[in-house]
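Quick notes on the structure that follows.
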Protein chains: 2
Amino acid sequence: MTAIPGNRKVTRKDVARYAGVSDAVVSYTLNGGAPVAPATAERVREAVRLLGYTPNASARALKLGSSHMIGVIVPDSTNPFWAELCRWVETVARSKGFAVLVLNANDSKAIRLEYLQTLASRQVDGVLLTGEIDALDVDRFNATGVRWAMLNQSTTIDGALGVGVDLAAGARDATAHLIWHGYTRIAFIGEMADARYGGWLSTLTEAGLAPGPLFDAKFTREGGYAAGQALAASHDSVDAVFVSSDMLASAVLRALHEADLAVPGEIAIASFDGSPESEYSWPALTTVRQPVQDLAAKAVAQLLHREQPPEDEQLLAGTLIVRQSCGCP
Amino acid sequence: MTAIPGNRKVTRKDVARYAGVSDAVVSYTLNGGAPVAPATAERVREAVRLLGYTPNASARALKLGSSHMIGVIVPDSTNPFWAELCRWVETVARSKGFAVLVLNANDSKAIRLEYLQTLASRQVDGVLLTGEIDALDVDRFNATGVRWAMLNQSTTIDGALGVGVDLAAGARDATAHLIWHGYTRIAFIGEMADARYGGWLSTLTEAGLAPGPLFDAKFTREGGYAAGQALAASHDSVDAVFVSSDMLASAVLRALHEADLAVPGEIAIASFDGSPESEYSWPALTTVRQPVQDLAAKAVAQLLHREQPPEDEQLLAGTLIVRQSCGCP
DNA sequence: ATGAAAGCGCTAACAT
DNA sequence: ATGTTAGCGCTTTCAT
């Protein structure tokens, strides 16, 4: 009497008939919409078990106007940092009964918007967005009618919910640590549009140090490798480098090793993210850990409970994890 | 007149009224269910645009009995190999109009089954499953009533759709390459339950070589690191090692470097997966690349088009990528 | 404590 | 070429 694949799907009506009650009572039993006599409830549960009944989420979503799903749009779920963040989002959302749709926007604003619309049509209850955002984007996002919030936003912007990590502060911590080590010619690898660039620059300036060379790199392994090679070529004028992401840094490491440059001996490194990968590179990376779990939890809470957090809680702090690539023992 | 957030959702009926046609015509225009006069179609499309209408996917799913979603259950989407595979699944599925729900089962069979049920209740059109599977599992999976197939299955099993990579053959290729280099004491790091273990073992035996030491390791970075340390401790009796995954291998690399052992000089390495990470480790890993894109495409096709492939196409071949960790220049 | 029935937004068979 | 309508499976109001 259990469900046999290929059989017609068993619906709530089947359960009702089998238990000798009305459809409503099944609903009451399952969702607690009204009191049900213990004996009846037991009969219903028994029928559910026997028939192998599972509620139809589409029907439920249609009726309730909520799919109990949220969407997340990241630049690249293959980047360990985003992978970890998405996994936390999934974990947090699941614990609240929500499923998660992850989409890759490939660093494209156009794709991000397109996917947001796709998600909207799928009736998701909210979407977590990543990447740069300006006032125009806010309007476009709002036009979809779907609730949204920024995940890991880099700058707070009016009318936009979201949490992020204080990238500039993190970069300052990392750079300051490098300076503390006594390095004076500290390079930068990453995107200049990124807040980490500003953090690096201001820290050097305030310390009275001339900013070291600057290697523009997209957030890809190829980009990191190329920047690493460029860095190796000019290693005479550099004794340390701040790299904007662990993924980039591990590729930089490879380029430096290839050029037979000792890390941290000839060039010290501090990077950003605190991804699992950073702990197992050689040497282990000194890095600014982003509080991914917290980020995920806060973002989901904002999205689902419409919690507008106080402004000063929209930027979380990263924590410097000191390992060996900076020169610490 | 465009959608303003907070407004009542605009439905197909609104579009119909605005365009001065019946609900059906809107459907015909959008889905091509029946011929529509060009002028009418244009009016409808105009209304859609003006009102910012997006079809309600829940209603559609309820009506059609298909949510146009599939699920994927992996052990750990944070592992670069799974991350890449999931991304391909998403890409392939998207191109066919399907969205993807990714769930992490944490290497637990119980969780895998639980999630399969969750997905079933969400009316997904199919689920891609990973990990070990036996006849009992097949029954349990079938009992959910949802269509499923194995993604990256290690062994074909009766009554189960799916594609996988010939792990044993891949491990043989890698081990053979190590032997070709002249190494004679070749260790193994990975899980013994895995087909790669058999491939490693048989290749050594057939070559008349005594199997080197064997370090059991779960597929985690911690596991790889511990195994690497054990390997380093017994490096006198080892000149090469086959590691079952890139993620493991990169942690092994770290342990070896820490022990000041030269790779490939003192211990050569060949590993498995061909993840992006493997190219940018130091030294770059010689590894067996799994055809992730092909895997994803074939699995999705089987799931969606109910294509039962010929038996000999259920196991795809990996390709050995020769880089430096094996001793090649 | 339980039942009857309306209606969520959509598609498709049938009628015109 | 276009309109009318039933019904997908569910929740929930209102009766009983």
Side-chain angles (χ1 to χ4, degrees), chain A residues 3 7-45 47-48 51-69 97 120-125 145-146, chain B residues 3 7-45 47-48 51-69 97 120-125 145-146:
Chain A
N7 264 15
R8 188 177 58 77
K9 253 300 195 188
V10 14
T11 81
R12 191 215 44 195
K13 188 173 249 165
D14 299 317
V15 175
R17 187 170 20 225
Y18 190 90
V21 297
S22 76
D23 322 20
V25 174
V26 178
S27 193
Y28 298 150
T29 309
L30 265 32
N31 312 328
V36 176
T40 318
E42 191 40 56
R43 275 212 323 288
V44 170
R45 267 189 285 272
V48 166
L51 302 177
Y53 167 72
T54 40
N56 182 323
S58 304
R60 202 149 195 278
L62 175 58
K63 179 69 193 180
L64 298 177
S66 153
S67 61
H68 270 65
M69 294 196 303
S121 80
R122 286 197 180 269
Q123 310 301 114
V124 295
D125 294 324
V146 69
Chain B
N7 265 15
R8 187 178 59 78
K9 253 297 194 190
V10 14
T11 81
R12 191 215 42 195
K13 190 172 248 163
D14 299 317
V15 175
R17 188 170 18 224
Y18 191 88
V21 297
S22 76
D23 321 21
V25 173
V26 178
S27 193
Y28 297 150
T29 309
L30 264 33
N31 313 327
V36 176
T40 317
E42 192 40 56
R43 276 212 323 285
V44 169
R45 267 189 286 271
V48 165
L51 302 177
Y53 166 73
T54 41
N56 182 322
S58 303
R60 205 151 191 277
L62 175 59
K63 178 69 192 180
L64 298 178
S66 154
S67 60
H68 269 64
M69 294 195 302
S121 80
R122 284 197 181 268
Q123 311 300 113
V124 296
D125 294 323
V146 69

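Numbered from 1 within each chain, the chains take letters A, B, ... in sequence-line order. Every value quoted in this text rests on a predicted model; they were computed, and no experiment measured them.
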Revision key, fill the gap. By nearest-nucleotide position on DNA chain D, the 5'-leaning member of A:Ser58 and B:Ser22 is B:Ser22

Check your understanding: If you take all heavy atoms of B:Tyr53 and B:Val10, which pair is closest and at what distance?
Key -> CD1-O, 3.4 Å

Practice item. Give a yes or no answer on whether the side chain of A:Ser121 reaches the backbone of B:Thr54 with a donor-acceptor pair at less than 3.5 Å. Key: no

**Study point:** Minimal non-hydrogen separation, B:Ser67 against B:Asp125, with atom names
**Key:** N-OD1, 3.4 Å

**Study point:** Given A:Val15, A:Asp14, A:Val21, the one that forms side-chain contact (heavy atoms from CB on, under 4.5 Å) with A:Arg17
**Key:** A:Asp14

Exercise for review: Round to the nearest Å and state the distance from A:Lys9 atom NZ to D:dG9 atom C1'.
Suggested key: 12 Å

Point to revise | Euclidean distance, atom CG of residue A:Leu30 to atom P of D:dG9 [Å, nearest integer] | key: 16 Å

Study note, to complete from the structure: Quick tally for nucleotides 10-16 of chain C: nucleotides whose base has a protein heavy atom under 4.0 Å get B, sugar-phosphate-only ones S, the rest -, giving BBBB---

Practice item. Check every strand shown and say whether A:Thr40 touches a base, only sugar-phosphate, or nothing at a heavy-atom separation below 4.0 Å. Key: sugar-phosphate

Exercise for review: May I have the distance from A:Arg17 (atom CZ) to C:dT2 (atom C1'), rounded to whole angstrom?
Suggested key: 18 Å

Practice item. Find the distance A:Leu62:CG to D:dT11:C1' and express it as a whole number of Å. Key: 11 Å

Check your understanding: Side chain of B:Arg122, backbone of A:Ala57: donor and acceptor closer than 3.5 Å?
Key -> no

Check your understanding: Mind checking whether A:Val124 and A:Val146 have side chains closer than 4.5 Å, heavy atoms only?
Key -> yes

Review point. With A:Arg60, which residues qualify under side chain to side chain donor-acceptor pair (under 3.5 Å), at least two apart?
Key: none

**Study point:** Global bending angle along the helix from C:dA1-D:dT16 to C:dT16-D:dA1, which compares the axes of five pairs at either end, to 10 degrees
**Key:** 40°

Revision key, fill the gap. CG (B:Asn56) and NZ (B:Lys63) are apart, to the nearest 0.5 Å, by 14.0 Å

